[in-house]
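What follows is a short report on a single structure.
Residue numbers begin at 1 in each chain, while the letters A, B, ... track the order of the sequences.
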2 protein chains.
Amino acid sequence: MAKRMPPAQLATLLRDAITRLNRRVRQTRPVGDLTGTQLSALTSLELAGALTPRELADTERVQPPTMTKIVAKLEERGLVQRTPHPTDGRQVILATTDTGRAMLAQFDRARNEWLAGRLAELTPEDRDALQRAAEILQKVARD
Amino acid sequence: MAKRMPPAQLATLLRDAITRLNRRVRQTRPVGDLTGTQLSALTSLELAGALTPRELADTERVQPPTMTKIVAKLEERGLVQRTPHPTDGRQVILATTDTGRAMLAQFDRARNEWLAGRLAELTPEDRDALQRAAEILQKVARD
DNA sequence: TCACGGTCGTTAGCCTAACTAATAAGCTAG
DNA sequence: CTAGCTTATTAGTTAGGCTAACGACCGTGA
């Protein structure tokens, strides 16, 4: 591995690597027509269990009106379900439907296929390094 | 660090980490108004020296009409320059102008600021891990 | 108790960025 | 020299983001 570099240079290197990999992964968008944004929102919702639109917007780092549109499309396809909030009449509770969960599993598999294949070709040491890095990056990205 | 995980699971973890970090970095769009797309195209062009619109579209993994629009905006701001192809009358040669190069340097600095700050807060060991990971990811992303 | 300020979700309107289809211009091989 | 390919552009559509504005609803303080 190359010499230890200053944070600014590492930032450039990391950003470049991540941008490229991200494009790469996005290109392998599979059959069916959930866009990346929709898939991401649906995933967040599934992970959280149930969220209000506002909460989902916050986790997706998007403004509420944007989330309104995204949710509308997901609802159109029967992937998420709205129910009224039990005590607060303003709020709405969003949750994934069974259809949504099934779709999610299917897409996740297809989406991961390319990257997983690539990773399988690496040495176990390289994979360990990436696993550690992923955990660090999660922390860094978290606000 | 967690137990060693199979490639498919690592792929999910990595993809998630990278998606989040990418959004984060994109949010720190600096002063002046070059969009991410425009910045990316300008960068590719600068790295390659000179390209035709088709070649630039290919490197950006975008369809030619999309690149037409991007280039039009960059040209409007005097950041890239078109010159006719010496032998093929259909083609056009694109290159960055001095203004474009200056803008590029400035934006790159601003773009890195947030991430570099974040990285500076990590331990040297964590930074080493990220550096190694970035190098591995470059390889993985390279077709 | 009720009026008023704040919150939640949505609508409307705008912009960027991507796509496909169609077209004009130019090249090249038979 | 013409028929067919390639290059770039134009036109039109869709997704996805934003801000501004609004109606419905909550909760608190006079």
What is the separation between atom [atom1] on [X] and atom [atom2] on [N], rounded to the nearest whole Å?
| X | N | atom1 | atom2 | value |
| --- | --- | --- | --- | --- |
| D58(B) | dA8(D) | CG | C1' | 13 Å |
| E55(A) | dT7(C) | CD | P | 15 Å |
| Q38(A) | dG17(D) | CD | C1' | 14 Å |
| L56(B) | dT9(D) | CG | P | 11 Å |
| Q63(B) | dT10(D) | CD | C1' | 16 Å |
| H85(A) | dT7(C) | NE2 | C1' | 13 Å |
| E76(B) | dC15(C) | CD | C1' | 14 Å |
| Q91(B) | dT28(C) | CD | P | 10 Å |

Is there a side-chain contact between [X] and [Y] (heavy atoms, below 4.5 Å)?
| X | Y | result |
| --- | --- | --- |
| D98(B) | R101(B) | yes |
| L115(A) | V140(B) | yes |
| L119(A) | L14(B) | yes |
| K139(B) | D126(A) | yes |
| E60(B) | I70(B) | no |
| L130(B) | L122(B) | yes |
| E55(B) | Q91(B) | no |
| L79(A) | L34(A) | yes |

Please tabulate, one pair per line, each protein N/O and nucleotide N/O from nucleotides 2-4 of chain C that are separated by under 3.5 Å, including the distance.
none

- Task: Tell me whether the OP1 or OP2 atom of dA15(D) has a side-chain N or O from T35(A) closer than 4.0 Å.
- Result: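 False: T35(A) side-chain N/O out of range (4.0 Å or more) of dA15(D) OP1/OP2.
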
- Message: Any side-chain N or O of T68(A) below 4.0 angstrom from OP1/OP2 of dT11(C)?
- Response: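 T68(A) to dT11(C) OP1/OP2: no side-chain N or O under 4.0 Å.
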
- Note on the structure: Between K69(B) and R54(B), the residue closer to the 5' end of DNA chain D by nearest nucleotide is R54(B)

Look at the side chain of [X] and decide which nucleotide, out of [options], has an atom nearest to it.
| X | options | answer |
| --- | --- | --- |
| I70(B) | dG9(C), dG17(D), dA18(C) | dA18(C) |
| R82(B) | dG9(C), dA17(C), dT9(D) | dT9(D) |
| T66(B) | dG17(D), dT9(D), dA18(C) | dA18(C) |

- Any side-chain donor near an acceptor of the partner, E46(A) and T96(A), under 3.5 Å: yes

- Item | Distance-minimising heavy-atom pair for L74(B) and A41(B) | CD1-CB, 4.4 Å

- Counting primed atoms, P, OP1 and OP2 as sugar-phosphate and everything else as base, the B/S/- map of nucleotides 20-28 of chain D against protein heavy atoms under 4.0 Å is B---BBS--

- Message: Does P64(A) reach a base, just sugar-phosphate, or nothing at all? Heavy atoms under 4.0 Å.
- Response: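 Answer is base: heavy atoms of P64(A) come under 4.0 Å of a base.
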
